[in-house]
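What you are looking at is a predicted structure, and each value in this text was computed from that prediction instead of being measured. All values below were derived from every heavy atom in this structure, side-chain atoms included, with hydrogens, water molecules and symmetry-related copies excluded. Start at 1 with the first residue, then count along the sequence.
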Amino acid sequence: MNESRIPFLIQLLQHSAVKFLSVGVINTLLSILVIFSLKYFMHFSDVHANAVGYVLGLICSFILNKHWTFKHADKHWLTIPKFLLVFALAYLMNIATVLICIHLGLNEYIAQLTGIPIYSLSFYIGSRYFVFTRASQSETN
């Protein structure tokens with residue numbers, strides 16, 4: 001690899017969007033594992049399995065994004081309400097996508113996967129520009 005690209009790669013890996021996506025991969029894997037397990041083993045409905053999966057991912061997301069992605073210093077009690085509002089809006093967009101896809105005849109498991117990009121993009125934008133707005137300058141790339 002060209003050595004002049006190494007600083008660029010390091011800088012890229014420190015960008016909040018890349019960190020957010022990394023946290024998102026962890027959350028997505030956790031959420032999908034929970035959703036699919038609840039549907040398959042416990043026969044949960046799509047809505048209930050989705051809700052449980054996303055709540056567990058939400059807890060993981062808050063902790064990792066607050067402390068690692070955005071290095072946000074505000075107290076939890078100041079940040080959590082805004083985080084929950086952004087989550088609620090992103091989740092509503094997600095579940096609407098899932099239910100529309102199922103209604104259109106898409107396989108239920110594939111439908112669950114279609115909601116993820118909608119959820120992720122809206123959640124990043126809300127987190128970066130509304131929830132974690134007082135992050136340190138080096139982390140707000």
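- Environment of NE2 in H67: crowded, with over 12 heavy atoms of neighbouring residues, nucleotides or ligands closer than 6.0 Å.
- Under the 4.5 Å side-chain criterion, counting only non-hydrogen atoms from C-beta, S127 is not in contact with N65.
- Ring centers of F87 and F62: at least 6.0 Å apart, outside the cut-off.
- Of all non-hydrogen atoms in H15 and Y124, the two that sit nearest each other are CE1-OH, 4.3 Å.
- Applying the side chain to side chain contact (heavy atoms under 4.5 Å, CB included) test between C101 and each of L99, L104, T97, V98 identifies T97 as the sole match.
- No side-chain N or O of S31 forms a donor-acceptor pair with one of N27 less than 3.5 Å apart.
- Across A73 and K66, no two heavy atoms sit closer than the pair C-NZ, 4.1 Å.
- Residues I80 and F20 fall within the same hydrophobic cluster, defined by Ile, Leu, Val, Met, Phe, Trp and Tyr side chains chained together at heavy-atom separations under 4.5 Å.
- Under the 4.5 Å side-chain criterion, counting only non-hydrogen atoms from C-beta, N94 is not in contact with I118.
- L29 and L64 sit in two unconnected hydrophobic clusters of ILVMFWY residues. Membership requires side-chain heavy atoms under 4.5 Å apart, directly or through other members.
- Note that the CD atom of Q112 and the CD1 atom of I32 stand 9.0 Å from one another [nearest 0.5 Å].
- By the 4.5 Å heavy-atom criterion applied to side chains, I35 and V52 are not counted as neighbours.
- Other residues, nucleotides and ligands place more than 12 heavy atoms under 6.0 Å from the OH atom of Y109.
- Rounding to the nearest 0.5 Å places OG1 of T114 at 6.0 Å from CG of L106.
- No donor-acceptor distance shorter than 3.5 angstrom exists from the side chain of K82 to the backbone of F132, with no hydrogens or angles considered.
- Separation of atoms CZ (F123) and CG (L58) is listed at 5.5 Å; rounding is to 0.5 Å.
- Clustering ILVMFWY residues whenever any of their side-chain heavy atoms sit less than 4.5 angstrom apart, transitively, puts Y119 in the very cluster that holds L85.
- Between G53 and V34 the shortest heavy-atom distance is CA-CG1, 3.7 Å.
- Here the closest non-hydrogen pair linking I116 and Y54 is CG1-OH, 3.5 Å.
- Between the CG atom in L21 and the CD1 atom in I26 there is a gap of 11.5 Å [rounded to 0.5 Å].
- Across all non-hydrogen atoms, the minimal contact from F70 to S16 is CE2-CB, 3.9 Å.
- Closest of all the heavy-atom pairs between V23 and S61 is CG1-CA, 4.1 Å.
- There is a path of hydrophobic side-chain contacts, each under 4.5 Å, that joins I95 to F36.
- Here the straight-line distance linking atom CG of L30 with atom CD1 of I59 works out to 9.5 Å at 0.5 Å rounding.
- Atoms OG1 and CG, on T28 and L113 in that order, are 9.5 Å from each other to the nearest 0.5 Å.
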